[in-house]
Peer 1: 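My structure is below; once you've seen it, I'll send some questions.
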Amino acid sequence: MSTMNSLEEFSGEAARIPSTLRRELEAEAGVPLEAYARLDLDADLKSYDAWLAVAGPWLLEARPSSTRKWPLADFRKAEESEAPSLVRLLLSDAEGPRIGFRATKRHRGALARVRSLIEARIEDPRFVPSAKMKDADAGYREALLKPVLEVQSLSKGERGGVLSRLLKYVKPYRRRLLLGGVAAFGFTGLSLLPSWYTGVLLDRILKPLQENRLGIEEATRFGAWLVGALAATFLARELLAWLKLVSIAMVGEYVVRDLRRDVYAHLHKLGLAFFSKKPTGGLVSRVTSDTDRIWDFIGYGVVEVSVSCLMLVAMSVMLLCLDWRLGLVMILPVPFLLYALFWHSRRMERLFSRAWRRWSRLTALVSDALPGIRVIKAFNRSEHEVARFGAANDAAIEEFGRIHDAWTRFWPLLMMSLHLTVLAVWAFGLPRLIGTSPWGTLTPGTFVSFLMYTGLFVQPLETIGQISRVMNRATSSAQRIFEILDTDVGSDLGTGRRTAPPLQGHIRFENVSFSYDGIRRVLHGIDLEIRPGELIGLVGPSGSGKSTLVNLLARFYEADAGRILVDGQPIDELEVGSYRTQIGMVLQEPYLFHGTLLENIRYGRPEAPLAEVFAAAKAARVHDFVMRLPMGYETVIGERGHTLSGGERQRVSIARAILQNPRILILDEATSSVDVETEKAIQDALNELVRGRSVVAIAHRLSTLDRADRLVVLKNGRLVEVGTHRELLAKEGGEFKKLHDLQRRQAEIVGV
Amino acid sequence: MDVSYRWNAIGYLERLVGDERQTVRAKACLPGREDSPLSIRDSKDEEIELVSAESTLDPESRSALARDLREQRFSIRVERIVEIHPENDLRIWHVMGLEGPRRFVTALEEWPLPRGDGYSLRDAWGDLYEIPAWDRLDERSQKLLWPLLG
Ligand SMILES: Nc1ncnc2c1ncn2[C@@H]1O[C@H](COP(=O)(O)OP(=O)(O)O)[C@@H](O)[C@H]1O
Ligand SMILES: [Mg+2]
């Protein structure tokens, strides 16, 4: 498998634990390994070679010479700590620290898996990982490769595979491509004609004319024919050039369009789990610049290079036909010239690398300083910043100077070798032209044609010299794109097919458990019933699993165990789209799209009548501020548009939710990121929204949950308390009371 | 009460106050400076105290702290560079270190940074490599490294 090769190639690490060690450990434990990691540092920070593994109730360490094992039941705690370039795992028993392990940073992910499993077994010795957990080998490999994939988000596949897949995208346009190919072929052929005409002019007209074998009149007629042929050649050639460009350039565009469309459509099908693994910036560049590079490849790589090769071959044939001896003189140096060009492009890459580095430093300086321009002015540091820029600018110029140097030195050399070929043609041709050579005679026309062909050699050579760079860039881009297309749509979205009927909003969590990675449980056996129209406040410390719980309800993820019923139907049997339109979500960071306010409010229901839009906007306390803007509802917001304050954005997203009229509403810290005053306005808007719906509201400030019918308290993924505000406050030592008292004290301190 | 530090048998720093033992870590506030003040941190990564050159500590405690700092300053020492080649928008390095050969990758826009009189480099996993000063490198290493310095 290709990912295994890349792990070894990227890190030199084995793709998995050696099978002899594995057998030894499994014999020792009596059960298969579940997770393992390599340890490459000893307690003295010297290099070390061991494997640490968990199998059933055992922790095992395999060293080349011996193995050790400990019952997991002995341990009470597993802690990981990090230094800049190493990680440490410390296991403690009832008496305190007991053993420590060390490894360089690359093993952190694998070690974290081992630690999670140890923790899970400490908590519950009978813990069984969910089906989501990768097997030991796959988990180890994934943990090691993940940081690399994040850097470049790319798994290495074979190049041939990528090319043939690209060709599949080209296939629908093969007729255009064929047309372009024929045009390119014709174009190449015609390019060779003018030089040949010159030879004809010399040999068939001028020479016979001087030797009086041809009359002036006849010569003039013949000459006129030749001029006509030349004109026709030029015309046809440019016509074919145009045909070649339009057909092939557009094939490139079409292929890239199809790829972009497929990638983007595929992205929308993927579950959220995929997006939490990949940085969004990288995804954007895959949809845009990676597809552009593929255009480069098809438009430039495939076409220009094949035309150049064709040109070289056609010219060689032509030269050999005209005069094979002289032809050889010209053709033999070509491989050497190609090699020189290849060597030069390698050298230029090295130079570009340095220049690129200095250039990025320069651009980083600008993009770093300009957003901070107020601060720079406030601290009166403009002069310093300008000087810093000047230095970086000069440094960049220095490297660009080197590049120009290399160019200006290489080209005269290359031209010199071409001139040498010309000299050879002269040296070899002249005696034959004069008639003193034993190699036979040569006509002046052939000789001149040859000289003209030397000029045509340069461009194809140059084009071919660039190919490896373009090929490299394009295939790696193509691989990145195919990596997305190859990602399984997965089961995140479930397989439910039944269209959800209009819902009442009766929600039941039955013994729901969940973990993101299959090892660390984030929710443990949640049981909860929410009646239609009930407002539930969900509270608990951060990280306790509140957002996770509502994400399960919204079906962004699927529960590992237990089930969630809405109106008596398991939600994973419902078709996602029809279910989600009946769920409204207002999140802490509302996301508004670039577009008008009207479009944003109508996002979930584009056909909603204006009267309803205004009603929703009024309910959400949006209408008034919108009407104070010069463009009213047509104000463009988002990037490059009008900027709304945090509270305004939140209210727009509430208007959006009101208009969608969901039966079930999820509020995840909807008022957390705004000040108290704005919170009041949002709270008013929310009060409109929650009316008559089943609501799960997560709020950081408990005071905002006063109106909740019941409060549910989560702690470490467990449901610890349920009851009304008053009931929970009456419970001495209860979790809610603790949170409540803590917040009241804080409020008194800041005087709110 | 007197505070002291020990490097315990399993290779961790311990803080002793009377009879109480606690496993801790020492973290330099200014990792680049030898005489940096140290933040002593518990397992929740919260500071217990700040130790500076002026703090009164017995020599054994000082050396225990120094030992823990070695972990923080740990990096992989490179002796020479065997190969560097770009591959699918990554840069693959093949180096020979004090402790043997090692292979790693960096992003293309990750460059060796000047540090001391040599260079330091962080790979995709976060491991830190120390490359010796330019004139202590052999010719091949220099040639491979040159395009990446700027
Ligand atoms: N996408 C994710 N992948 C892995 N772990 C996650 C993810 N999202 C949240 N977690 C982890 O799940 C736990 C619960 O998180 P969350 O539900 O966001 O808590 P809350 O909303 O109560 O603050 C946390 O420990 C968090 O680190
Ligand atoms: Mg949350």
Side-chain angles (χ1 to χ4, degrees), chain A residues 6 8-13 41-47 77 79 81-86 88 90 92 96-100 102 104-109 144 147-152 154-156 349-361 395-396 399 472-473 475-477 479-480, chain B residues 7-12 14 21-25 27 31 41 43-45 67-76 86-94 97-112 120 122-130 143-144 146-150:
Chain A
S6 51
E8 293 204 68
E9 186 181 351
F10 291 160
S11 65
E13 298 287 337
L41 288 176
D42 68 6
D44 211 26
L45 308 185
K46 289 276 175 289
S47 101
K77 233 171 30 174
E79 290 165 274
S81 65
E82 275 184 55
S85 196
L86 62 81
R88 313 191 286 186
L90 178 62
S92 310
R98 165 98 174 270
I99 2 165
R102 286 170 173 76
T104 54
K105 237 8 189 310
R106 58 172 55 179
H107 301 293
R108 181 176 56 176
L144 246 103
V148 180
L149 297 184
E150 265 161 20
V151 168
Q152 209 16 268
L154 169 68
S155 54
K156 187 178 168 274
E349 264 175 54
R350 285 159 54 81
L351 287 169
F352 273 124
S353 153
R354 279 174 75 99
W356 178 29
R357 171 162 188 195
R358 294 202 174 172
W359 182 250
S360 25
R361 202 180 294 155
E399 283 307 321
N472 265 330
R473 282 167 39 132
T475 46
S476 60
S477 291
Q479 269 173 343
R480 277 206 295 270
Chain B
W7 187 252
N8 68 19
I10 57 168
Y12 277 80
E14 273 182 345
R21 293 191 311 166
Q22 188 180 10
T23 310
V24 294
R25 291 189 299 140
K27 189 165 182 179
R41 312 184 74 81
S43 61
K44 294 200 191 77
D45 203 19
R67 174 62 190 78
D68 199 49
L69 267 190
R70 260 184 61 205
E71 311 245 326
Q72 213 197 116
R73 298 219 166 100
F74 173 77
S75 63
I76 297 156
E87 169 87 48
N88 290 328
D89 293 358
L90 289 170
R91 194 174 285 124
I92 303 184
W93 295 66
H94 194 168
L98 276 181
E99 307 249 338
R102 193 168 166 105
R103 230 173 232 254
F104 59 93
V105 290
T106 66
L108 282 184
E109 58 276 11
E110 190 73 46
W111 291 293
S120 76
R122 199 174 276 284
D123 74 9
W125 292 277
D127 277 319
L128 210 57
Y129 296 82
E130 239 174 274
K143 182 171 176 246
L144 289 168
W146 182 80
L148 304 180
L149 306 174

Peer 1: Would you check if the side chain of B:Trp125 reaches a backbone N or O of A:Pro147 as a donor-acceptor pair within less than 3.5 Å?
Peer 2: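 No, because the side chain of B:Trp125 does not come within donor-acceptor range (under 3.5 Å) of the backbone of A:Pro147.
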Peer 1: Of all of A:Lys46, A:Lys77, A:Arg102, A:Glu82, which one pairs up most often with chain B through heavy atoms under 4.5 Å apart?
Peer 2: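 Highest number of heavy-atom pairs under 4.5 Å: A:Arg102.
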Peer 1: Verify, without hydrogens or angle tests, whether A:Arg350 (side chain) and B:Trp146 (backbone) share a donor-acceptor contact under 3.5 angstrom.
Peer 2: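 No; zero donor-acceptor contacts below 3.5 Å.
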Peer 1: Quick check on B:Leu98 against chain A: is it the side chain, the backbone, both or neither that has a heavy atom closer than 4.5 Å?
Peer 2: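 Neither part, no heavy atoms under 4.5 Å.
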Peer 1: Heavy-atom pairs under 4.5 Å with chain B - which of A:Ala355, A:Ser92, A:Ser81 has more of them than the others?
Peer 2: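 Counting heavy-atom pairs under 4.5 Å, the top option is A:Ser81.
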Peer 1: Take A:Glu8 and B:Arg103, measure what side-chain contact (heavy atoms from CB on, under 4.5 Å) needs, and give me the verdict at the end.
Peer 2: CA-CA 9 Å; A:Glu8 293 204 68; B:Arg103 230 173 232 254; over 6 Å; no
Peer 1: Checking B:Arg25 now: which residues fulfil salt bridge (charged side-chain N to carboxylate O under 4.0 Å, His left out) with it, not counting sequence neighbours?
Peer 2: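 Salt bridge (charged side-chain N to carboxylate O under 4.0 Å, His left out) list for B:Arg25, sorted by chain: B:Asp45.
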Peer 1: Check each atom of B:Lys143 against the heavy atoms of chain A and say whether the ones under 4.5 Å are side chain, backbone, both or neither.
Peer 2: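 Both the backbone and the side chain of B:Lys143 come within 4.5 Å of chain A.
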Peer 1: Please flag which part of A:Ile99 lies under 4.5 Å from any non-hydrogen atom of chain B: side chain, backbone, both or neither.
Peer 2: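 Only the backbone of A:Ile99 comes within 4.5 Å of chain B.
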Peer 1: For A:Phe352, enumerate each residue passing the ring-ring contact (aromatic ring centres under 6.0 Å, His included) test, keeping only those at least two apart in sequence or located in another chain.
Peer 2: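 So A:Phe352 forms no ring-ring contact (aromatic ring centres under 6.0 Å, His included) with any residue.
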Peer 1: Need one label for A:Asp42: side chain, backbone, both or neither, based on atoms under 4.5 Å from any heavy atom in chain B.
Peer 2: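 Neither the backbone nor the side chain of A:Asp42 comes within 4.5 Å of chain B.
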Peer 1: Would one find more than 12 heavy atoms of other residues, nucleotides or ligands at under 6.0 Å from atom CH2 of A:Trp359?
Peer 2: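 No - once you tally the heavy atoms of other residues, nucleotides and ligands closer than 6.0 Å, there are 12 at most.
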Peer 1: Return the minimal non-hydrogen interatomic distance between A:Arg354 and B:Leu148, and the atom names on each side.
Peer 2: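 Answer, listing the atom of A:Arg354 first, then B:Leu148: CG-N, 4.4 Å.
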Peer 1: Taking side chain as everything from C-beta outward and backbone as N, CA, C, O, which of these in A:Glu79 sits under 4.5 Å from a heavy atom of chain B? Side chain, backbone, both or neither.
Peer 2: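 For A:Glu79, the side chain is the part near chain B, not the backbone.
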Peer 1: Side chain, backbone, both or neither: which part of A:Leu41 has a heavy atom under 4.5 Å from chain B?
Peer 2: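 Looking at A:Leu41, just its side chain touches chain B.
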Peer 1: Among the options B:Arg67, B:His94, B:Arg21, pick out the one with the most heavy-atom pairs lying under 4.5 Å from chain A.
Peer 2: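 Looking at each option in turn, the highest pair count goes to B:Arg67.
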Peer 1: Among B:Tyr129, B:Phe104, B:Trp93, which has the most heavy-atom pairs under 4.5 Å with chain A?
Peer 2: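 Of B:Tyr129, B:Phe104, B:Trp93, B:Phe104 has the most heavy-atom pairs under 4.5 Å with chain A.
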Peer 1: Is A:Arg88 reaching over with its side chain to a backbone N or O of B:Gly11, donor-acceptor style, under 3.5 angstrom?
Peer 2: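 No, the answer is negative, given that no donor and acceptor are paired below the 3.5 Å cut-off.
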Peer 1: Report the C-alpha separation of B:Arg102 and A:Thr104 in whole Å, then their side-chain angles, then the decisive distance to 0.1 Å, and conclude whether the side chain to side chain donor-acceptor pair (under 3.5 Å) test is met.
Peer 2: CA-CA 12 Å; B:Arg102 193 168 166 105; A:Thr104 54; 3.1 Å; yes
Peer 1: For A:Arg357, is it the side chain, the backbone, both, or neither that has a heavy atom closer than 4.5 Å to a heavy atom of chain B?
Peer 2: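 Contact with chain B involves both backbone and side-chain atoms of A:Arg357.
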Peer 1: Check A:Ala83 against B:Glu71 and note the closest heavy-atom contact, atom names and distance.
Peer 2: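 Heavy atoms of A:Ala83 and B:Glu71 come nearest at CB-O, 3.4 Å.
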Peer 1: Counting heavy-atom pairs under 4.5 Å with chain A, which one of B:Ile10, B:Leu128, B:Thr23, B:Asp127 comes out on top?
Peer 2: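 That would be B:Asp127.
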Peer 1: Look up atom OG in A:Ser85 and atom CG in B:Asp123, then write down how far apart they are to the nearest 0.5 Å.
Peer 2: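 Separation between the atoms: 7.5 Å.
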Peer 1: Checking B:Arg70 side chain against A:Asp44 main chain: does a donor-acceptor pair fall under 3.5 Å?
Peer 2: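 Judged by distance alone, yes, a pair lies under 3.5 Å.
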Peer 1: Please classify the contact of A:Arg361 with chain B as side chain, backbone, both or neither, using a heavy-atom distance under 4.5 Å.
Peer 2: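 Only the side chain of A:Arg361 comes within 4.5 Å of chain B.
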